[in-house]
Amino acid sequence: MLPNFTYERPGSVDEALEHGSSEGAVLHAGGTDLLGCLRDGVFSAKKVVSLSGLEELRGISPTRDGGLRVGALTTLTGVASDPTIAERYTVLAQAAASAASPQLRNQGTIGGNICQRPRCWYFRGDWHCLRKGGDTCYAIAGENHFHCIFGGSGCYIVHPSDTAPALQALGASVRIASRSGSRTVPIESFFLLPADDIQRENLLEPGELVTEVLLPPVASGTRSVYRKVRDRGAWDFALAGLAAVVTMPGDSVETASLVLSGVAPKPWRAAEAEGALTGARLDAETIARVVAASVAGALPLEHNGYKVALVRGLMEETLRALA
Amino acid sequence: MKYYLEWPEPDPTNLPPPAQDIEPWGETRVVGKPLPRVDAYERVSGTALYTLDMALPDMLHGAILRCPHAHARVTRLDTGRAQAMPGVRAVITAATPGAAIPWYFRGQGPTSMLFDEHCRYAGDEVAAVAAETPHQAILAARAIDVEYEVLPFVQDDAVALTPEAPAIHEGGNILGQETSGRGDVEAGFAGADVVLEQTYHTPCEIHTPMETFVTIARWDGNRLTVWDSNQGVFGIQANLARALRLPLTSVRVICNYMGGGFGSKLGLSKYTVIAALLARTTARPVKIALTREESFICVGNRAANTIKLKAGVKRDGTLTALDAVFLGSGGAYPAGATSTYLVQALYLCPNVRVEDNEVYTNAGPSRAFRAPGMPNCAWALEQMMDALATEIDMDPVEFRLKNIATFLQINDTPYTSIGLRECLSDGAKAFGWSEARARPRGRGHVRRGVGMAAGMWAYPGDPRATVIVKLFADGSVNLNMGASDIGTGTKTVMAMVVAEELGVPLDRIQIEHADTGTTQNAPSSGGSQTVLVSAPAVRAAAIEVKRQLLELAAAQLERPVEQLVFQDGEIMPADAPDQAVALADLRGLRGRQVIVGVGRRHPHPEGKIALPFAAQFAEVEVNILTGEVRVLRLVAAHDSGRVMNKLTYENQVFGGMAMGIGLGLTEERILDSRQTGKVVNANWHDYKIPTAKDVPIDQTCVPIDPHDTECNTTGAKGLGEPAHIPTAAAIANAVYHATGVRVTDAPITRGRMLSALAERRGE
């Protein structure tokens, strides 16, 4: 049941920021996540500020440096079907296309997708958990089949976004507006771990708004792919996924960006795996080393040990396909 | 153990004798065709009015307060704050006069009260509110102040059996323990060349029908009318009348369009009684629509099963012994958990022992769920059959063909017909079994495999049904039947029976159904009995109309009835078709304006039993790096007797198999058993029913019709449940064929598949 709230539909970013700064205000982009959270009482709102009137936050356009600017209100369908993204930023198009269901992708936005709240069933259900200001993480001793194997501490959520790891692998940044101005943050440092802040998944302060996602130019010869494994074919979050962006001008890998979804409270860069891959020939021996390195430091919980095998499998399958 | 039937078991000695001597059909002209549903336009255009869509003038909305603890006792309850909230018109609790209603599960009991101070699972009903809006009702229910004494709870079936476990009912947690069988299993194992033993587990599944659970109750003086989404208005009426101590004539239950139940809407639910009480208290109609989350928690499920199965076989493929121990929990009340039937009946085996253990746990009560207990039992038995076939190096189809039972071994009753042999052989042929079995399974990380499983259904139906067919002066027809159409096409099939007999086009048949105030008693739509019980009654009623029409025509044409032929809505002398009279031109019909035919279902054949059989085949692809299992194609060969409508037949089969993919690969209720005892995945995202992407496009339905002239006057044997029984096991066998890994715990999630693969590699 939705709580009572007031509703605003501002016509400009400034006006939206004004409303968004008031106490208890929440921003409403596609609403596919927000309305569910409000209905389920995950958090409450006194004021819902709709962003649907902000035309300037929609659309995809080239930037002067040869990259792309994706307005935060661009739908996931818009991202997935954009020809430039599909051709040059394939990993992002594939990630957007793999999210949720067609209806949800038509409604959900790229800005909302990276800012969505975690799907941990204790967080979403009527358990007063740590992330909601309680004093217990129920996942530790409970049903943790879908929880993290990296980066957990106190809380063991996984970050639910498919597009976020793709953006991170591409080296994207986000532009954040507030009443005091705007700033651009590399997406790598946008997300937080529970150790940074147990109640927030990113560094947005109240009253701040993601206005656009900035994609850097891609080097020619870059190959990228997003591979997602889920329990059913659609409308499901990643058990684990891999966003891989690799440049390989000759026989050897020049640069490699390997970012995992579904295994950590934020998009998880498999740094040791990247190290093992960079500069190496993409042969069986390298693949074996990268696969082993990809799960270095994994700390599975009672019911999610399969994710270690899954990450290894994803890495092996993806690298074999790139070889 | 006898499985839970939520409708009364018929007493065959008191059934009325057949009213007419009706010959079985030979070739049919309408029945069997792939005709679209008579209500297809209404259903797809959104004009069909489901109970959930309905609103009555002046209607209030109800909400139920449920216990948040897995096991607790209500020690104090204060409704003061709730009563004072805006829009609230009534708050009822156990203390409300008239609300102390004893509650029965599966006809047993009473085991609790409508509102019981002893709450045995997180979701038990504590109090209820009626208010002007749904929002106000929910807020008020939350404002009821309750103090609970929280008790220790148990949710593990095996732990619940131990003496140390908290007692859920007086007298402990053992609901039933029963051993049955035949022969001497030890001697059977001693005579076997191969003996295998394996423990299998199936999950608790939730029905989660598209239309949630909803009732609207309205009183007119002492008479109650209930619009209710259910699978059988007469069963609901009888139980509601009993709960409220009213005569049947004072309780009218109506369910026109119905948005799915799968068994969960067979029995009377507490919310229906609560709506009636709230409506009586407020003297206004009250609607209670459960939330999607409530539909996962408190209106039934398929109980999880643990099945330990030991089987012996000779090298030549002869089964020598089956020994099975079942453990299951229908939750906190006597609601049914297991079915040992397939082990006892599907294959010819002289030595069988089944031990059945049913136990209480602090979890939501189960309810009949599409072939109760049977897909679980097939999961174990059919994987065991597959493993035995491997051990003796025999083809799984051939192995099953060798062990077909031609009679029901449980009580030595012959079948009216058995098409299992054809299901196996024709199904295998349609699938291309031998070729597919021999194809390479792949050396890379994506492996292919094929598997199959067989099954049968156990219930011959409650043969008590009365139907009225009225033919009007213009030759159009009213079909008045009590049966529900729960989405399966009942209305269409029954109209086709009328069209077959009377030659009336389907669009000139009006259907009135599932209303205890205007239609006649029929069994609930459950147990795969609707067609095989109600269609013969419809046929009898139509034939009775025809008989009367022929008499009218005989008078008009001045010919004896024996010389007349009824064809395509006309009556003519057999030797003078040019003298044909259209029904609308029958003077006797014009004089009467209506002909009324009453038809009753005939009793079951004496000394025989009519049951359907099935064999299904699956091809899968398994990614051994990621654990992904993809079902590539399915073939279903069913002996459900006559095909009444090819389209609705295929719908049933494909729907049953989609549900089987859920059991095999994705669906599983998960309880927070070690902390709070609540369901963690009570929603459509976390509880994963298959999507269109999980169900293959390549599905084939192979109907097997043994031309059964004994089962009933239509030759149809029931299809809804058998369609679901073998699917999951066939998929598991295909997974084994693809990978060499046997996954004994359903569903085969990516995680379970990966863990099983790792275990085989010795990791």
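Only a predicted model underlies this, so the values are computations on that prediction, with no experimental measurement involved. Numbers restart at 1 for each chain; the letters A, B, ... are given by sequence-line order, proteins then strands.
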Parallel, tilted or perpendicular: rings of B/His685 and A/Phe237 (30°, 60°):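 The rings of A/Phe237 and B/His685 stand perpendicular, inter-plane angle above 60°.
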Engaged part of A/Asn304 at the chain B interface, taking heavy atoms whose separation is under 4.5 Å: neither
Portion of A/Arg227 that has a non-hydrogen atom of chain B nearer than 4.5 angstrom: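 Contact with chain B involves the side chain of A/Arg227 alone.
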Matching residue for A/Arg232 among B/Ile661, B/Thr749, B/Thr691, B/Leu665 - test: side chain to side chain contact (heavy atoms under 4.5 Å, CB included):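 Going through the options one by one, the only one that passes is B/Thr691.
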So what's closer than 4.5 Å to chain A heavy atoms on [X]: side chain, backbone, both or neither?
X: B/Leu671; result: backbone
X: B/Arg761; result: neither
X: B/Asn623; result: side chain
X: B/Leu754; result: side chain
X: B/Arg674; result: side chain
X: B/Val679; result: backbone

side-chain contact (heavy atoms from CB on, under 4.5 Å) evaluation trace for A/Trp127 with B/Val680: CA-CA 10 Å; A/Trp127 288 266; B/Val680 295; 3.8 Å; yes
Rounded distance [0.5 Å steps], CZ in A/Arg230 versus OG1 in B/Thr666: 13.5 Å
CG-NE2 distance between A/Asn4 and B/His135, expressed to the nearest 0.5 angstrom: 4.5 Å
Neighbourhood of chain B inside residues 155-166 of chain A, taking heavy atoms under 4.5 Å as contact: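 Hits under 4.5 Å: none found.
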cation_pi(B/Lys678, A/Tyr138) dist<6.0 Å, angle<=45: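 Ring-cation test returns no.
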Minimum side-chain heavy-atom gap B/Ile670-A/His145 below 4.5 Å: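 Result yes, sub-4.5 Å side-chain heavy-atom pair found.
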Minimum-distance pair of heavy atoms, taken over all atoms of B/Ser755 and A/Tyr306: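 Of all heavy-atom pairs spanning B/Ser755 and A/Tyr306, the closest is OG-CB, 4.1 Å.
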